Amino acid sequence: MIFAPHIIVGATIGAKTHNLGLIIILGLLTHFIMDKLPHWDYFWLGIKNFKKTKNFKALFYDFLKMGIDCTVGFLIVLPLLWYKNFLNFDYLPFILLGIFVSLLPDINFGLVRLIAGRPTKYTEICEKNFHYKNKEKEGKITFLGLSTEILVIIISAIILSF
């Protein structure tokens, strides 16, 4: 799943839960549940192949896509947090932790592939068991994949706004 839904779900968990352990557990759990749903994801070939190809242009494009994706996620969640007055020190550390933990498996996967150039046992297990796979649609935007991500964003926004 792209980063924006993970950011919004993580922010919702952080805003509604003020128990650090629970935020970590729920952030990781929801990440893997969301990745198991049918979804669209963009290719990370620049990151996955960088160790082998040293292609800085492809790496730049991957980081650009991720930056735009994260920006969209924050642009969706910030007005909701501002509206509910969650942008203060009482809530902000929990929200930032929720966002970070909900993105952590993808951050880990990307860093492992970038630095090691190959998946580890952990990342292979995560990819094989906890990630939606549809080889003939991989990298293509499908109605089901995009609608699932939009639905996750809407549900999280509704929960956050109450």
Side-chain angles (χ1 to χ4, degrees), residues 1-44 46-48 59 61-116 119-133 141-142 144-162:
M1 195 165 278
I2 61 175
F3 291 154
H6 288 300
I7 289 170
I8 295 162
V9 169
T12 303
I13 290 168
K16 298 295 184 176
T17 309
H18 297 141
N19 179 317
L20 297 178
L22 193 56
I23 291 171
I24 292 169
I25 291 168
L26 290 175
L28 291 173
L29 184 64
T30 56
H31 179 96
F32 290 118
I33 290 171
M34 289 167 56
D35 273 359
K36 197 69 173 160
L37 298 173
H39 63 276
W40 169 69
D41 213 347
Y42 41 80
F43 288 117
W44 297 24
I47 291 173
K48 289 180 180 178
L59 183 65
Y61 284 130
D62 279 357
F63 280 113
L64 181 64
K65 286 186 279 189
M66 290 186 293
I68 291 169
D69 187 3
C70 287
T71 301
V72 168
F74 281 108
L75 287 175
I76 293 170
V77 81
L78 283 174
L80 294 169
L81 294 172
W82 178 76
Y83 172 74
K84 292 300 289 182
N85 200 25
F86 285 139
L87 293 177
N88 61 51
F89 193 72
D90 293 338
Y91 293 96
L92 207 50
F94 300 109
I95 291 168
L96 292 175
L97 178 65
I99 291 169
F100 175 73
V101 171
S102 70
L103 291 173
L104 191 58
D106 286 339
I107 292 169
N108 178 51
F109 178 74
L111 285 175
V112 165
R113 291 302 292 258
L114 182 63
I115 294 167
T120 62
K121 285 283 187 198
Y122 165 76
T123 55
E124 281 181 348
I125 290 169
C126 288
E127 273 294 302
K128 184 178 176 186
N129 297 313
F130 297 109
H131 205 268
Y132 174 74
K133 286 291 183 193
I141 299 176
T142 63
L144 179 62
L146 199 56
S147 62
T148 303
E149 294 188 72
I150 291 169
L151 187 61
V152 167
I153 290 170
I154 290 170
I155 291 169
S156 295
I158 289 169
I159 292 169
L160 188 57
S161 65
F162 284 109

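For clarity, every value in this text was computed on a predicted model and none was experimentally measured.
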- Item | For Lys65, salt bridge (Lys or Arg N to Asp or Glu O under 4.0 Å) partners two or more places apart |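 Lys65 satisfies salt bridge (Lys or Arg N to Asp or Glu O under 4.0 Å) with Asp62 only.
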- Item | ring-ring contact (aromatic ring centres under 6.0 Å, His included) partners of Phe74, counting only residues at least two apart |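 Testing Phe74 for ring-ring contact (aromatic ring centres under 6.0 Å, His included), a comparison that skips the adjacent residues, returns none.
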- Anything under 30° is parallel, anything over 60° is perpendicular, the rest tilted; go ahead and classify His31 against His6.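 Ring orientation of His31 relative to His6: parallel.
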Name all residues meeting the side-chain contact (heavy atoms from CB on, under 4.5 Å) criterion together with [X]; count only those two or more places apart in sequence or in a different chain, and write none if there are none.
{"X": "Ile25", "answer": "none"}
{"X": "Leu97", "answer": "Leu20, Ile23, Ile24, Val101"}
{"X": "Leu114", "answer": "Ile47, Phe50, Leu59, Phe63"}
{"X": "Leu87", "answer": "Leu78, Leu81, Trp82, Leu92"}

[X] [atom1] to [Y] [atom2] distance, which is reported to the nearest 0.5 Å:
{"X": "Thr12", "Y": "Phe86", "atom1": "OG1", "atom2": "CZ", "answer": "9.0 Å"}
{"X": "Leu111", "Y": "Ile107", "atom1": "CG", "atom2": "CD1", "answer": "7.5 Å"}
{"X": "Ile95", "Y": "Ile7", "atom1": "CD1", "atom2": "CD1", "answer": "13.0 Å"}

- So which heavy atom on Phe3 is nearest to which on Leu103, and how close?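 That would be CD2-CD2, 3.7 Å.
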Show me, pair by pair, the donor-acceptor contacts under 3.5 angstrom made by side chains of residues 151-162, not counting sequence neighbours?
unit_1	atom_1	unit_2	atom_2	d
Ser156	OG	Val152	O	3.0
Ser161	OG	Ala157	O	3.2
Ser161	OG	Ile158	O	2.9

- Pairs flagged by side-chain hydrogen bond (donor to acceptor under 3.5 Å, both in side chains) wherever residues 66-80 is involved - sequence neighbours left out: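 For residues 66-80, and leaving out neighbouring residues, the side-chain hydrogen bond (donor to acceptor under 3.5 Å, both in side chains) pairs sorted by first residue read Tyr42-Asp69.
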- So which pairs with a foot in residues 85-102 pass side-chain hydrogen bond (donor to acceptor under 3.5 Å, both in side chains), sequence neighbours left out?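 Sorted pair list comes back empty.
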